Number of protein chains: 2
Amino acid sequence: MRRSAEETRRHILDVAGDLFYSRGVRAVGMDLVIGTAGVANATLYRQFATKDELVTAYLVTRNEDWWRRLREATAAAPGPRARIEALFALTRQDMATPGYRGCATLNVTSEFPDEGHPAHAAAVAHKTEVQTWLSEQLREAGDANPDDTAGKLLVILDGAQVLAAAMATDTPGDHMIQLAEQLLDARLPAPA
Amino acid sequence: MRRSAEETRRHILDVAGDLFYSRGVRAVGMDLVIGTAGVANATLYRQFATKDELVTAYLVTRNEDWWRRLREATAAAPGPRARIEALFALTRQDMATPGYRGCATLNVTSEFPDEGHPAHAAAVAHKTEVQTWLSEQLREAGDANPDDTAGKLLVILDGAQVLAAAMATDTPGDHMIQLAEQLLDARLPAPA
DNA sequence: TTGACAAGAGAGAACGTTCCGTCTCATTCT
DNA sequence: AGAATGAGACGGAACGTTCTCTCTTGTCAA
């Protein structure tokens, strides 16, 4: 079968992403990616010069996908609080999906603690963007201290994800929703 | 220099533990452990038959140490709520330590997602024990639904740890303390 | 007190495997 | 014709692990 270069790249990225996410990046060798993708060795290396590059691309595209999914999930939300709630609902839904292994971004920071690693940098950048997004929504919703609340929401969000992945349960998801709602109630003024 | 077998074992475990924790388990090879410990190859393998065994021993002893530290930190606590607060204070303190890399247990579950792996099992067991401990304290403190509160406290605790490690900040520590206090205030009856 | 002995430590070679990455070459599609 | 692909050999390094061999040390019988 013949694919365009772009299709090939995307296909490899999909396959590699699934493997990296489910088994862990370091546990997956390039040979496995190549074999699973059904692609020639040289084909992969033409698209991604090194494994680090592939890993970074995996995280970046995954985060892009996540933003797209968030945009869709928040499209119908009437206001900032509803958008935040949509984010949590989306995460809650992910956690109930079989094969859930937590936040890919956090897993990468755990596997690549070296701050100089490009994948680590991409992970940190993503988390920062999410926090900024939360803070903006909170400000718009009338929070007097949006940065503080955003940080706390992120603690709740990530804590539930890690726990759900580690314990293979989704009860942390329920706890997450309740904690977030409680925090929003305490911080946000009642809608007019 | 000559050491007893027990001393050697402990020494290897200390060295391996530092390396595993700071760089990640999979990123550290046995040669590095052997070299850093200044020990002969055969000496290590006489104490730990495989790397998996070493990793599992690392996690188990680390968790034992953690319980010991918790016991010390809670020794002077006048009641169950103070004991819980001591746990959070201890974690808060760890997070401010240079070289902090998050919860070793969670890092292991992230690096070894395979549920059959003994280190993974040890990690899950530890998290379960902590949750049970929290639940017991809460029940003693008069919480009407201690399991639920314990689950939420764990979400807060682990979320802050992961975030602090990923972002190399300790502000999640402050958020953690505040969230925990707020939750305890809401759940626990005022002391008589 | 001496001396033999077992246990364990040290040094390091070597094994087979896996890893990442390079390369060649025939084939296939446009 | 030309560019990209599949198949796969290949190299060098790192991996986990086994092995041999020497040397030190503590123990215990003679």
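Throughout, a chain's letter reflects where its sequence line sits, starting with A, and its residues are numbered from 1. This one's a predicted model, so the numbers in the text were calculated from it and none came from an experiment.
At whole-Å resolution of the value, CE in B:M30 and C1' in C:dT17 are 16 Å apart. Between the C1' atom of C:dT17 and the NZ atom of B:K51 lies a distance of 15 Å, rounded to the nearest Å. Summarising the geometry, the separation between CD on B:Q47 and P on C:dA7 is reported as 15 Å, rounded to the nearest angstrom. What separates CZ of A:R23 from P of C:dC19 is a distance of 11 Å, to the nearest Å. Rounded to whole Å, the distance from CG on A:L54 to C1' on C:dC20 is 12 Å. The distance between atom CG of B:L32 and atom P of D:dT17, rounded to the nearest whole Å, is 15 Å. Rounded to whole angstrom, the span from the NE2 atom of B:H11 across to the P atom of C:dA9 amounts to 12 Å. For the pair A:L19 CG and C:dC20 P, the interatomic distance rounds to 12 Å; values are reported in whole Å.
In this structure, the separation between CG on A:L134 and CD on A:E129 is 12.0 Å, given to the nearest 0.5 Å. Here the CG-OG distance, from B:L106 to A:S110, works out to 8.5 Å after rounding to the nearest 0.5 Å. To the nearest 0.5 Å, the span separating CD on A:Q93 from CZ on A:F88 amounts to 15.0 Å.
Across all strands, A:V33 comes closer than 4.0 Å to no nucleic acid atom at all (heavy-atom distances).
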Polar atoms only, N or O, under 3.5 Å: list the protein pairs with nucleotides 22-26 of chain C and their distances.
from	atom 1	to	atom 2	distance (Å)
C:dT22	O4	A:N41	OD1	3.4
C:dT22	O4	A:N41	ND2	3.0

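The two residues A:A160 and A:M95 make their nearest non-hydrogen contact at O-CE, 4.1 Å.
Here A:D14 pairs with A:R10 in a salt bridge; the nearest charged N to carboxylate O distance falls below 4.0 Å.
Nearest to the side chain of A:T8, among D:dG16, C:dG10, D:dT5, sits D:dT5.
Heavy-atom distances to DNA chain C give each of A:V25 and B:A40 a nearest nucleotide, and the one nearer the 5′ end belongs to B:A40.
Looking only at distances, no side-chain donor or acceptor of B:Y58 sits under 3.5 Å from a matching main-chain atom of B:L13.
For residues 138-153 of chain B, the pairs satisfying side-chain hydrogen bond (donor to acceptor under 3.5 Å, both in side chains) are A:H175-B:D148, A:Q178-B:K152, B:R83-B:E140, B:S135-B:D147, B:D143-B:T149, B:D148-B:K152, B:D148-B:R187, B:T149-B:R187, with sequence neighbours left out.
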| task | Report the C-alpha separation of B:Q182 and B:D185 in whole Å, then their side-chain angles, then the decisive distance to 0.1 Å, and conclude whether the side-chain hydrogen bond (donor to acceptor under 3.5 Å, both in side chains) test is met. | result | CA-CA 5 Å; B:Q182 183 185 339; B:D185 285 343; over 6 Å; no

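The side chain of B:R46 places no N or O atom within less than 4.0 Å of a non-bridging phosphate oxygen (OP1 or OP2) of C:dG8.
Axis angle between the ends of the helix from C:dT1-D:dA30 to C:dT30-D:dA1, five pairs each and rounded to 10 degrees, works out to 10°.
Aromatic pair A:F112/A:H120: ring centres not closer than 6.0 Å.
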